[in-house]
Number of protein chains: 2
Amino acid sequence: MSRVVTERKDVIAMLAEIFREHGYDGASLSLITEKTGLGKGSLYHFFPGGKEEMAEAVLSDIAAWFRTHIFDALREGEDPAEAIEAMFAGVDSYFRQGRRLCLMGVIATSGGHDRFARDLNGYFTDWRTELAAALERAGAPTAECSALAEEIVGGIQGALILARSLDDPGAFGRVLSRLKARCLMAPAS
Amino acid sequence: MSRVVTERKDVIAMLAEIFREHGYDGASLSLITEKTGLGKGSLYHFFPGGKEEMAEAVLSDIAAWFRTHIFDALREGEDPAEAIEAMFAGVDSYFRQGRRLCLMGVIATSGGHDRFARDLNGYFTDWRTELAAALERAGAPTAECSALAEEIVGGIQGALILARSLDDPGAFGRVLSRLKARCLMAPAS
DNA sequence: GCATTTGTGTACCGATCGGTAAAGTGTTTA
DNA sequence: TAAACACTTTACCGATCGGTACACAAATGC
């Protein structure tokens, strides 16, 4: 049944926060052991590939979350406008109203981003593609959809950086609602 | 007169590219000595405070560039609309059409961002403030200006991350031109 | 000329880096 | 009950980390 000891998925969740907070290079093994409460032995038991496998596991975990909670809804939702609205709500919640960074963005600006280029590319490509398709289904002009999706996906990343840099999480929500307004406006245009 | 040997400002320019490319933690002293061609002795002669002073110098150098080339023009330009247009052109050029990351953004997503929080906050605060003021002078509705400026400054950061992650520098220019269009649209609304 | 400043190269420091090895502790299964 | 498995602890590895000390060379000032 439910065990008290730490399972792999719990470790991944903790690792995600550590990488988010300190970046890939900044997340040293000693920091990881300290924050997770797990010794190196346990860590290398779960992730024989070491730090790189840890980050890989976290990234693919995040990618899976977005796929099931955001992208799939955009693609399969009956009402595309509703799915887009749900996307904004989900994003706001996932990034804790601007208090949490996007690990994909963190890795993208990290030195060793080449190592994870495939994950990053897949994540942003999927998001852009699915959002563009949903926008079109919602009635936005075909020519507009791809560029608008690009603007929104990028805008979310930028808003997170802005909120963090200004030490003003509220900036995230403000930008988010403006981006959402653009979506609702597009079909009418 | 002009010397062949490396001057402090040349070192700062090289350091900027190294930090951009590898992040703060990823830019090791050995990497810095290799890329700059300067030994530790020279480095610590220019920057007695070590790596932290190097980053500090780079950040204040960047802040100064934006102040003189972007912010001042936004504030003092006779034609605010023209100054905004120049801002977009300057930004596109500065970030090499999306092939260069913003070091402020890189540091913001870096673990040791607390150390440079003041620089980051100043940079983004100034940009937002000056752009909002220019927008208002250009005829945008007062209530709109601050939020629009926030959206644009954030949008630029996000576009850089997107361009890097998608390995598609063109995405930067596309988002940039859409953001610019929003500025030109605002006064009319 | 000589002294001073400015810049450089080399060797070294302790601390920490990511990673390994292997003995030990449970818990599960046959 | 005993072998098998899952997980942890501890000690250790060589490499690299950021930083220091100091002798040394090149330019500069008088």
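The sequence lines fix the lettering, A, B, ..., with proteins before strands; numbering per chain opens at 1. The figures here come from the full heavy-atom set of this structure, side chains too, leaving out hydrogens, waters and symmetry mates.
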Participant: Mind calculating the distance between CG (Leu29(B)) and C1' (dG14(C)) to the nearest angstrom?
Facilitator: 15 Å

Participant: Supply the atom-to-atom distance Asp61(B) CG to Arg8(B) CZ, rounded to the nearest 0.5 angstrom.
Facilitator: 9.0 Å

Participant: Once you round it to whole Å, what is the distance between P of dG7(C) and NZ of Lys9(B)?
Facilitator: 14 Å

Participant: What is the distance from CG of Leu43(B) to P of dG19(D), rounded to the nearest Å?
Facilitator: 11 Å

Participant: Is there a side-chain contact between Ser42(B) and the phosphate of dG7(C), meaning an N or O under 4.0 Å from OP1 or OP2?
Facilitator: no

Participant: If you assign Gly37(B) and Glu52(A) each to the DNA chain C nucleotide with the nearest heavy atom, which residue ends up on the more 5' nucleotide?
Facilitator: Gly37(B)

Participant: Can you name the nearest heavy-atom pair linking Gly105(A) to Ile161(B), along with the distance?
Facilitator: CA-CG2, 4.2 Å

Participant: Please figure out whether Leu31(A) or Lys40(B) has its closest DNA chain C nucleotide nearer the 5' end.
Facilitator: Lys40(B)

Participant: Take the protein atom CZ of Phe46(B) and the nucleotide atom P of dG18(D), then report the distance between them rounded to whole Å.
Facilitator: 19 Å

Participant: Can you tell me if the side-chain N/O atoms of His45(A) get under 4.0 Å from OP1 or OP2 in dC7(D)?
Facilitator: yes

Participant: Could you give the CD1-to-P distance, from Ile32(A) to dG18(C), as a whole number of Å?
Facilitator: 7 Å

Participant: Whole angstrom is fine here: how far is it from CZ in Arg8(B) over to P in dT6(C)?
Facilitator: 14 Å

Participant: Separation of Leu15(B) atom CG from dG18(D) atom P, in whole Å?
Facilitator: 13 Å

Participant: By the 4.0 Å heavy-atom rule, please label Gly41(A) as base, sugar-phosphate, or nothing.
Facilitator: base

Participant: Tell me which nucleotide among dG18(C), dG9(C), dG18(D) gets nearest to the side chain of Tyr44(A).
Facilitator: dG18(C)

Participant: At less than 4.0 Å, is any side-chain N or O atom of Ser30(B) found next to OP1 or OP2 of dC17(D)? Yes or no.
Facilitator: yes

Participant: Could you tell me the separation between the NE2 atom of His22(B) and the P atom of dT16(D), rounded to a whole number of Å?
Facilitator: 15 Å

Participant: Check whether the side chains of Asn121(B) and Thr125(B) place a donor and an acceptor atom closer than 3.5 Å, and report yes or no.
Facilitator: yes

Participant: Closest approach of Ala108(A) and Leu101(B), non-hydrogen atoms and distance?
Facilitator: O-CD1, 4.1 Å

Participant: Regarding Asp168(A) and Arg174(A), does a basic nitrogen lie under 4.0 Å from an acidic carboxylate oxygen?
Facilitator: yes

